[in-house]
Every structure is written in structure tokens, then in C-alpha cells.
Amino acid sequence: MGSPLPGGSIARTRPLSGHRGATAAAALRNTSVMPREKQAAMTPVETVQELRDGNTRFVTGRPLIRNVRAQVAIEEQFPFAAIVSCIDSRTSNELVFDQGPGEIFSSRIAGNVIDASVLGGLEFACQIAGAKAIVVVGHTLCGAVKGAIDQIRLGHLTSVLQRIEPAIEESMATFEHRTSSDPRFVEAVTYANVRVAMRHVREDSGALAVAGAVVDLATGRASFLTD
Ligand SMILES: [Zn+2]
């Protein structure tokens with residue numbers, strides 16, 4: 001899983017400053033970062049590898065340079081992956097995995113839990129729009145996970161946090177101090193919550209290519225889980 005994808009990584013857009021004199025139309029053609037053919041040719045393994053590579057670029061401070069405005073303007077999209085992650089302001093999937101517009105679907109919900117609305121979006125992403133894998137992404141220091149451990153009750157948030165309770169129950173047996181002030185317990189629940197969500201996606205959407213990851217906010221690095 002350490003080698004680059006055949007034909008190189010997906011995003012190839014270069015800054016327009018390197019194309020002085022190019023017409024606007026030519027510049028837009030350069031933004032075909034994920035054409036239908038490339039999406040169709042990718043395997044789920046290559047999909048996860050592209051996200052790993054993008055995360056490495058992010059962690060090492062070497063993101064690809066993109067004309068994001070032009071990428072937004074592409075007429076058709078063929079994203080290779082669908083990511084479900086938390087709403088946390090520090091965990092933008094496009095930044096953490098160094099992907100641009102047109103390259104990933106991004107479904108964000110507190111605590112990266114799975115509900116019917118999220119599943120509906122994933123079914124669109126994979127069955128209609130052709131994404132090759134679904135990746136559930138959790139993160140350290142997750143307020144939703146801590147809130148679920150603390151049994152916070154607040155309006156509609158209550159039902160969202162209750163979806164984290166199976167992960168808390170799975171983690172309880174191995175911990176004596178089961179509070180949000182124990183970082184090891186919070187981490188265990190965070191990983192368990194990603195695994196619960198992965199199972200949920202597999203069972204309720206029928207998707208076979210499902211992966212998971214947890215992003216360490218201190219380093220930006222994503223640790224990938226396969227099941
Ligand atoms: Zn969170």
C-alpha cells in the first residue's frame with residue numbers, strides 16, 4: 001500500500017501562474033482532476049491509498065497546488081470516495097486528505113455517526129455517482145464522543161449522541177474509569193465508534209468497500225482501519 005497509484009496521484013492541477021497566456025478554456029481543462037474514466041478504473045484499495053497519500057501530503061506540509069475556483073466550476077463530478085466525518089471545525093476532509101473539489105464526497109455529522117440521511121447520501125455517492133469506497137473518519141478530542149460519554153442531553157443533539165452509545169458499551173469492559181476525563185477511554189470509544197459506523201454502513205447500505213480512519217489532531221495524521 002506504499003506505492004503510488006498507477007499513473008500517479010489523482011489531483012494534477014497546477015497553478016494558473018504556470019500557464020500564462022493559456023486561455024480560460026484551456027485552464028478549465030486542466031481542472032479535470034477526476035474524469036469518469038479514472039474514477040471507473042480505480043479499485044477500493046487504490047481509493048484508500050490515494051487518501052493515505054493525500055494525508056501524508058497534508059502532514060508534511062506539501063499539499064498539491066490547485067486552482068480551487070476552477071475545480072468548483074467543473075460541469076460533471078466523478079469523486080472516487082465518500083467520506084463520513086465529524087462536523088468538528090478542525091477536521092475538513094478536503095484539507096486533511098488533500099483533496100480538491102470534484103474528488104471526494106464529504107458527509108459530515110456530529111460524532112461521524114450513521115443515520116438514514118447519511119446512508120441516503122452514501123447510496124447516491126456510490127450507486128449513482130460511482131464512488132469506489134466509503135471511509136468513516138473519526139478524530140481525537142471529539143466533543144461528540146465526550147458528550148456521549150457524559151450523557152449530554154440537548155435538543156436534537158441527544159439522538160445523535162445516542163448513536164455513539166454502542167461504542168461506549170463496547171469499550172466499557174476494558175476500562176475502570178469510564179469518563180470523558182480519561183483520554184485513553186475517549187480514544188477507545190473514538191476507535192470503537194468508527195468501527196460501529198463501518199459495520200452500520202456495510203449492513204444497511206450493502207456497500208462492500210468500507211474503511212475507517214481516526215485523525216490525530218495533534219499531528220494531523222490519519223490512522224486507517226480496515227475492519
Ligand atoms: Zn468530533
Side-chain angles (χ1 to χ4, degrees), residues 48 51-52 54-56 58-59 63 79 81-99 103-122 125 131 133-172 174-175 177-202 204-205 207 210-227:
V48 173
L51 294 176
R52 286 180 186 271
N55 180 245
T56 297
F58 170 69
V59 169
I83 297 178
V84 180
S85 67
C86 186
I87 63 168
D88 193 289
S89 65
R90 299 162 290 186
T91 59
S92 160
N93 295 316
E94 286 75 8
L95 294 174
V96 169
F97 296 103
D98 188 30
Q99 302 298 324
E103 294 169 345
I104 55 171
F105 285 107
S106 193
S107 178
R108 301 184 65 176
I109 180 170
N112 43 274
V113 298
I114 306 300
D115 66 11
S117 298
V118 172
L119 286 169
L122 295 177
I134 295 167
V135 185
V136 179
V137 178
H139 67 97
T140 59
L141 305 177
C142 181
V145 168
K146 290 181 180 179
I149 292 171
D150 292 338
Q151 298 185 306
I152 296 293
R153 298 289 181 259
L154 176 67
H156 294 92
L157 181 62
T158 299
S159 63
V160 177
L161 297 187
Q162 284 174 336
R163 292 181 180 276
I164 301 176
E165 288 178 1
I168 296 172
E169 288 169 15
E170 279 190 18
S171 308
M172 287 182 87
T174 51
F175 283 85
H177 303 292
R178 302 151 185 166
T179 72
S180 65
S181 58
D182 181 347
R184 292 185 312 123
F185 183 60
V186 173
E187 181 182 72
V189 175
T190 298
Y191 275 84
N193 187 45
V194 170
R195 288 195 172 91
V196 167
M198 291 166 64
R199 286 202 299 268
H200 200 157
V201 171
R202 281 199 188 99
D204 291 349
S205 76
V210 182
V214 173
V215 175
D216 182 345
L217 294 187
T219 63
R221 189 170 296 284
S223 298
F224 280 81
L225 300 71
T226 52
D227 57 49

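The basis for the numbers below is simple: all heavy atoms, side chains too, and nothing from hydrogens, waters or symmetry mates. Model, not experiment: these values are computed from the prediction. Counting convention: from 1, in listed order, for ligands and their atoms alike.
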Any chance you could lay out the side-chain contact (heavy atoms from CB on, under 4.5 Å) test for I104 and E94, step after step, and finish with the verdict? CA-CA 8 Å; I104 55 171; E94 286 75 8; 3.9 Å; yes
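Atom CZ in F105 sits 10.0 Å away from atom CG in L122 (nearest 0.5 Å).
Here the side chain of S205 pairs no donor or acceptor atom with the backbone of R202 at under 3.5 angstrom.
Contact of the I152 side chain with the L161 side chain is registered, since non-hydrogen atoms from C-beta on lie closer than 4.5 Å. At a threshold of 4.5 Å between non-hydrogen side-chain atoms, the residues H200 and V113 do not count as touching.
Neighbours of the Zn ion (ligand 1) restricted to protein N, O or S atoms under 2.8 Å: the count is 3.
Enclosure of atom CD1 in I87 is not indicated, since only 12 or fewer non-hydrogen atoms of other residues, nucleotides or ligands lie within 6.0 angstrom.
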